[in-house]
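Take a look at the structure set out below.
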Amino acid sequence: MNDYLNDLNSDQQKAVIQIDGASMVIAGAGSGKTRVLTYKIVHFLKNGINPFNILSLTFTNKAAKEMKNRIDKIVGGHQSKSLWMGTFHSVFSRILRAEADKINFPRNFTIYDTADSKSLTKSIIKELNLDKDVYKVGTIQNRISSLKNNFISPEGYNNHPELLESDKKTKRTEFGRIYLMYVQRCFKAGAMDFDDLLINTYKLLSDFPETLNKYQKKFQYILVDEYQDTNHIQYLIIKKLAALNENICVVGDDSQSIYAFRGANIQNILNFKIDYPDYKLYKLEQNYRSTKNIVQAANSLIKHNEKQIEKDVWTDNTKGDSIIVCETSTDNDEGRLVANTIKDLISDSNFKDFAILYRTNAQSRSLEEALRKLAIPYKIYGGLSFYQRKEIKDVLSYFRLTINPQDEEALKRVINYPSRGIGTTTIQKLLICANENNISIWEVISDLGKYKIKLNLGTQKKLTDFTFLIQSFMAQTESSDAYKIAEHISKVTGIFSLLNSDHSPEGINRFENVQQLLNGIKDFTENYDGESIPVLSEFMKDVALLTDTDNEKKEDYNKATLMTIHASKGLEFPYVFVVGMEEGLFPSMMSGNSQSDLEEERRLFYVAITRAEKRLFLSHANNRFKWGQYIDCEPSRFLEEIDQKFIMKKDFSSVKKQEIVPHKIYAKIKPQIKKTLVPKQFVKTNFAKNITINQSDLSKLQTGQNVKHAKFGNGKILQIEGEGSNKKATVFFSGIGQKQLLLKFAKLEIIK
DNA sequence: TCTTCATAGTTTTTT
DNA sequence: ACTATGAAGA
């Protein structure tokens, strides 16, 4: 009956079988933390606990999805559907929508993403006529966010001498006003930013005892993953929810705490011991993921941190190869070294087995270029996610406005897109009027006559036309399904034809992105299993909370992964490259000199190392292109901190320091440089059969040739037209259809 | 009011 | 390198 327990070692079993009471699981990297959580829920279900009564908070939506799948597999059936499982933000937004009326928000409240918050902050600074060099948007935004995460309201701020004093010092005496306005404007717009989802949940549970009681009764068992990365508000909410039953299990690893910058608080681990004095502590110390070399190297690094919970991570796995530390001359060399190494190792592995991790998103460029040149398929996470692209946000803004017309950021975004002759001057007037009357812009334009604004008749007509347009959408949105209304909006607003008329490669891409969005909505509509019709607002509920990781495409399955170390948390790969191991980059120069910042950077490196199963490559360049110029770089201090007996150093920098070439003409460099860059140990010489086309080779492309495109796959050239750099090809891709490609952009390869 | 072109500022990590 | 902003022209 309990045979599923046989999948666990004895430490894991002990942690799993405790059902009632408080417990904390300190789980070293790769020790089966997710496994314990998954099996713990399985154990709950097998012991007759209703999935409805279990709340499980995870760090990403993807983790939640995978866990649900595994639970269903082990238990059978679809019990996981009734579990409350997801990120803090998504679970709480679900609660907030259900209880919205209590806190005076519309049920359809908008979730402002970072870009929306930024735009609003910017707008407020401008309206208050403040110097934008003193009141930098980013700084203000960060300060607002950190105050919110410490549960300090605008009033609280005004009564806080220290905070006022520190803003006096930086000459930002008006910060309090900005903060207050920001909060008021969000409220007026029926919008919550990411922090509000937490704050408002806490307020709801504090101000409405009967609501608190309802959820306390509901969530009889609470599980929290990645507990080391929860912040103060999250801690307070969990504490409240768990107060009735005190059945709470938190899982984490203090060595992997890497989100202090956004308020994560290691204090939460210490508080746990105080709040639940009878708690049980379980330690998982056996690592199943990595080789001995990797595990021990990671241990030797993290020893340099003073603050940490004592534990001894060990493994039964083989010793494995040494960790390779490579020195290259430039960042581009580094990229090529990584690409060449992958090419060499690929014969007995899959592309999906490789991950390239870096400290900052900006580092991806040189790597991408090198991978493309060797035809290594890759996917890249972070940077601009799908939902943050301009064309997507534009369309979504129409949807948002239809669902919640008070949404000011959405309105500002689309009131003149596509151009309908409503310019910045008009918008400024409307904004002033709205502020003076303490109403939203939507209320102003839907009753223009009531407010005396100096606008000429033409402009007034344009505004009422716009209002009618949105109203017509609103009238349909509750009765038609999401896809129908989404398609209708895209067409009627003219977005579809506008994007479709742009035939540049970028324009085509934008058009396709919007189509992809609509396809997603179509999927949602067709697979909806709720009782009523799948309305648009239902689709829009969580869109702001989705990230690229959450909706991986099938065709991306077997590709190398590029991501920041932060994004790699919880993942594992047989082969891991950590690039840019340089002072000022990693540890980041922003981490300053404070001990705690440096320790966080070190934990981040610890996370990076422990992603690797079989082999780990660390690299650093002596010269890196940054801020428009090449700058000298020193190897990271972290490289010295690893016990050197686990490391083998390779120096590629002596490859004669060629004059530095801008990357655009890089393609012309002959392959022998590549050869010298390949470590002899892994060389198998024969290079790719495919030839990448660079500018000078355009003439080699002919009608009838088979080619390969990074995104569209294999295809055949049907036609070539244009001259020189304007040369265009019509290519037929199987399964996709005909595409017009501007050859100077499309990285086509001839397939022999 | 819209479009285009030049210049300036910018880079840590994210739900 | 890349976007965002501002000035000038249409």
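Everything numeric here is computed off the predicted structure, so don't read it as measured data. Every chain is numbered from 1, with letters handed out A, B, ... down the list of sequences.
In this structure, of B/dT10, B/dT11, C/dA1, it is B/dT11 that holds the atom nearest to the side chain of A/A362. Side-chain proximity of A/T360 to B/dT14, B/dT12, B/dT1: nearest is B/dT12. Comparing B/dT10, B/dT15, B/dT12 by their closest approach to the side chain of A/K136 singles out B/dT10. Residue A/E601 places its side chain closer to B/dT12 than to any other of B/dT12, B/dT10, B/dT14. Residue A/T87 places its side chain closer to B/dT15 than to any other of B/dT12, B/dT15, B/dT13. Distance from the side chain of A/T426 is smallest to B/dT1 among B/dT1, B/dC2, B/dT15.
Residue A/I422 is in sugar-phosphate contact alone, with no base atom involved, counting any heavy-atom pair closer than 4.0 Å across all strands shown. If you check every strand for non-hydrogen atoms under 4.0 Å, A/Y259 touches sugar and phosphate atoms only. Within 4.0 Å of A/N416, counting heavy atoms only, lie sugar-phosphate atoms of the nucleic acid but no base atom.
For A/K118 and B/dT11, the NZ to P distance is 7 Å, given to the nearest whole Å. Per the geometry, CZ belonging to A/R262 stands 17 Å off P belonging to B/dT12, to the nearest Å. We find that CD1 of A/I631 is positioned 14 Å from C1' of B/dT10, with the value rounded to whole Å. Rounding to whole angstrom units, OH of residue A/Y381 and C1' of B/dT14 are separated by 16 Å. A straight line from OH of A/Y112 to C1' of B/dT15 spans 18 Å, rounded to a whole angstrom. Rounding to whole angstrom units, CZ of residue A/F605 and P of B/dT13 are separated by 18 Å. What separates CG of A/N361 from C1' of C/dT3 is a distance of 16 Å, to the nearest Å. Atom C1' of nucleotide B/dT12 and atom NZ of A/K569 are separated by 16 Å, given to the nearest angstrom.
If you check the side chains of A/Q363 and A/T360, you find a donor sitting under 3.5 Å from an acceptor. In this model, no donor atom of one side chain and acceptor atom of the other lie less than 3.5 Å apart for A/N231 and A/Y259.
To the nearest 0.5 angstrom, A/D229 atom CG is 3.5 Å from A/K569 atom NZ.
The shortest distance between the side-chain N/O atoms of A/T564 and the OP1/OP2 oxygens of B/dT14 is below 4.0 Å. Residue A/N61 places no side-chain N or O under 4.0 Å from the OP1 or OP2 atom of B/dT15. Not one side-chain nitrogen or oxygen of A/T114 sits closer than 4.0 Å to the OP1 or OP2 atom of B/dT15.
Ring geometry for A/H232 versus A/Y235: interplanar angle under 30°, hence parallel rather than tilted (30 to 60°).
A salt bridge between A/D193 and A/K148 is present, with a side-chain N of the basic residue lying under 4.0 Å from a carboxylate O of the acidic one.
The ring of A/F105 has its center closer than 6.0 angstrom to the ring center of A/F187.
For A/Y179, the side chain to side chain donor-acceptor pair (under 3.5 Å) test picks out no residue, with sequence neighbours left out. Remark: A/D116 pairs with A/K393, A/R400 by the side chain to side chain donor-acceptor pair (under 3.5 Å) rule, at least two apart or across chains.
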I'd like a table of atom pairs between the protein and nucleotides 3-8 of chain B - only N or O on both sides, under 3.5 Å - with the distance next to each one.
none

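Both A/F194 and A/T459 lie close to DNA chain B; mapped to their nearest nucleotides by heavy-atom distance, the more 5′-ward contact belongs to A/T459.
To the nearest whole angstrom, the two P atoms, one in B/dT13 and one in C/dA4, are 16 Å apart.
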